[in-house]
Amino acid sequence: MPSFDITIKQKVLSTFKGKEGKQFRPHEIVDMVLNKYPGTNRGSILPADYCYNRTNKGIKFDFHLFKSISDGSYEYLGPNFQYDGPVYWKGTQVGIWNKGIHRQLRDLK
């Protein structure tokens with residue numbers, strides 16, 4: 001039987017499917033993935049890396065599931081969401097979404 005290694009992205013997507021519009025604290029996101037996929041490295045589940053409205057230098061901005069909320073929580077929107085709004089990096093707007101289409105405004109420096 002071939003072994004199948006599911007990625008962290010697939011685990012997060014699978015865990016949150018059907019939970020669109022609900023908000024979660026970061027620890028809740030991590031705990032939910034760990035409950036569904038025991039043995040997953042806790043430190044590898046980084047909700048901020050999967051946001052429509054936040055980006056981090058050094059990661060591809062190509063997988064979006066959450067909207068970062070100002071209180072530190074995340075709203076699950078799901079993949080391919082028709083998001084409208086700015087994208088921030090370290091408090092500076094670096095991009096914008098318009099009806100699900102992303103446009104980069106400046107490089108991360």
Side-chain angles (χ1 to χ4, degrees):
M1 186 183 245
S3 67
F4 176 64
D5 192 21
I6 186 168
T7 68
I8 296 297
K9 289 177 181 180
Q10 291 168 321
K11 290 177 182 181
V12 174
L13 183 59
S14 169
T15 300
F16 286 89
K17 185 176 181 177
K19 294 175 176 51
E20 291 81 358
K22 295 184 179 167
Q23 290 186 16
F24 302 91
R25 303 294 300 169
H27 73 275
E28 292 175 313
I29 294 170
V30 173
D31 289 347
M32 288 171 71
V33 173
L34 291 175
N35 285 336
K36 186 166 183 172
Y37 297 98
T40 301
N41 181 350
R42 176 178 283 281
S44 65
I45 306 165
L46 304 168
D49 286 354
Y50 309 133
C51 285
Y52 284 93
N53 61 336
R54 279 179 63 180
T55 189
N56 290 307
K57 191 172 183 177
I59 65 161
K60 284 186 174 185
F61 191 68
D62 65 353
F63 185 73
H64 315 288
L65 298 175
F66 298 99
K67 175 182 176 184
S68 177
I69 309 294
S70 61
D71 70 357
S73 63
Y74 295 90
E75 179 183 358
Y76 181 71
L77 302 175
N80 305 312
F81 186 79
Q82 295 295 299
Y83 188 74
D84 282 307
V87 177
Y88 293 99
W89 177 63
K90 293 186 174 183
T92 300
Q93 185 176 350
V94 295
I96 192 158
W97 288 90
N98 184 7
K99 295 183 175 121
I101 298 172
H102 174 257
R103 183 169 58 101
Q104 192 73 20
L105 300 176
R106 61 178 58 132
D107 291 331
L108 308 181
K109 298 188 188 234

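The structure displayed is predicted, hence computed values, not measured ones.
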Stepwise side chain to side chain contact (heavy atoms under 4.5 Å, CB included) check, Asn53 with Glu75: CA-CA 11 Å; Asn53 61 336; Glu75 179 183 358; over 6 Å; no

Do [X] and [Y] belong together in a cluster built from hydrophobic side chains that touch within less than 4.5 Å?
X	Y	value
Leu46	Tyr88	no
Trp89	Ile96	no
Leu13	Leu77	no

Atom [atom1] of [X]: over 12 foreign heavy atoms under 6.0 Å:
X	atom1	value
Lys22	NZ	no
Lys67	NZ	no
Lys17	NZ	no
Asn80	CG	no

Of Tyr52, Tyr76, Tyr50, the residue whose pairing with Phe66 passes ring pair (Phe, Tyr, Trp, His ring centres under 6.0 Å):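 Of the listed options, the one satisfying the test is Tyr76.
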
So does Arg25 pair up with Asp31, basic N to acidic O under 4.0 Å?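 Salt bridge flag = no for Asp31 with Arg25.
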
Find the distance between [atom1] ([X]) and [atom2] ([Y]) and round it off to the nearest 0.5 Å.
X	Y	atom1	atom2	result
Ile69	Tyr74	CD1	OH	10.0 Å
Ile101	Tyr83	CD1	OH	15.5 Å
Leu105	Thr92	CG	OG1	11.5 Å
Asp49	His64	CG	NE2	11.5 Å
Ile45	His27	CD1	NE2	13.0 Å

Run the numbers on Asn98 and Asp84 for side chain to side chain contact (heavy atoms under 4.5 Å, CB included), then give the verdict. CA-CA 5 Å; Asn98 184 7; Asp84 282 307; 3.3 Å; yes

Note, Lys19 side chain near Met32 side chain (heavy atom, < 4.5 Å): yes

Should Phe16 and Leu65 count as side-chain neighbours, where that means a heavy-atom distance under 4.5 Å?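 Side-chain contact under 4.5 Å: no.
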
Hey, mind stepping through His102 and Phe61 against ring pair (Phe, Tyr, Trp, His ring centres under 6.0 Å) and telling me if it holds? CA-CA 10 Å; His102 174 257; Phe61 191 68; 4.8 Å; yes

State which residues pass salt bridge (charged side-chain N to carboxylate O under 4.0 Å, His left out) with Asp107; sequence neighbours excluded, sorted by chain then number. none

Test side chain to side chain contact (heavy atoms under 4.5 Å, CB included) applied to Glu20 and Phe81, step by step: CA-CA 10 Å; Glu20 291 81 358; Phe81 186 79; over 6 Å; no

Asn56 and Ala48: which non-hydrogen atoms are nearest, and at how many Å?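 Closest approach of Asn56 to Ala48, heavy atoms only: ND2-O, 4.0 Å.
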
Looking only at non-hydrogen atoms, find the nearest pair between Asp71 and Ser73 and report the distance. OD1-OG, 2.5 Å

Does the pair Leu34 and Arg42 meet the rule for a side chain to side chain contact (heavy atoms under 4.5 Å, CB included), with working shown? CA-CA 7 Å; Leu34 291 175; Arg42 176 178 283 281; 3.3 Å; yes

Please enumerate all residues that pass side-chain hydrogen bond (donor to acceptor under 3.5 Å, both in side chains) together with Tyr37, with sequence neighbours excluded.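 Result, side-chain hydrogen bond (donor to acceptor under 3.5 Å, both in side chains) vs Tyr37: Ser14.
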
Would the distance check show the side chain of Gln10 and the main-chain N or O of Ile8 forming a donor-acceptor pair, the cut-off being under 3.5 Å?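 Not at all, since once roles are kept as given, no pair shorter than 3.5 Å links the two residues.
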
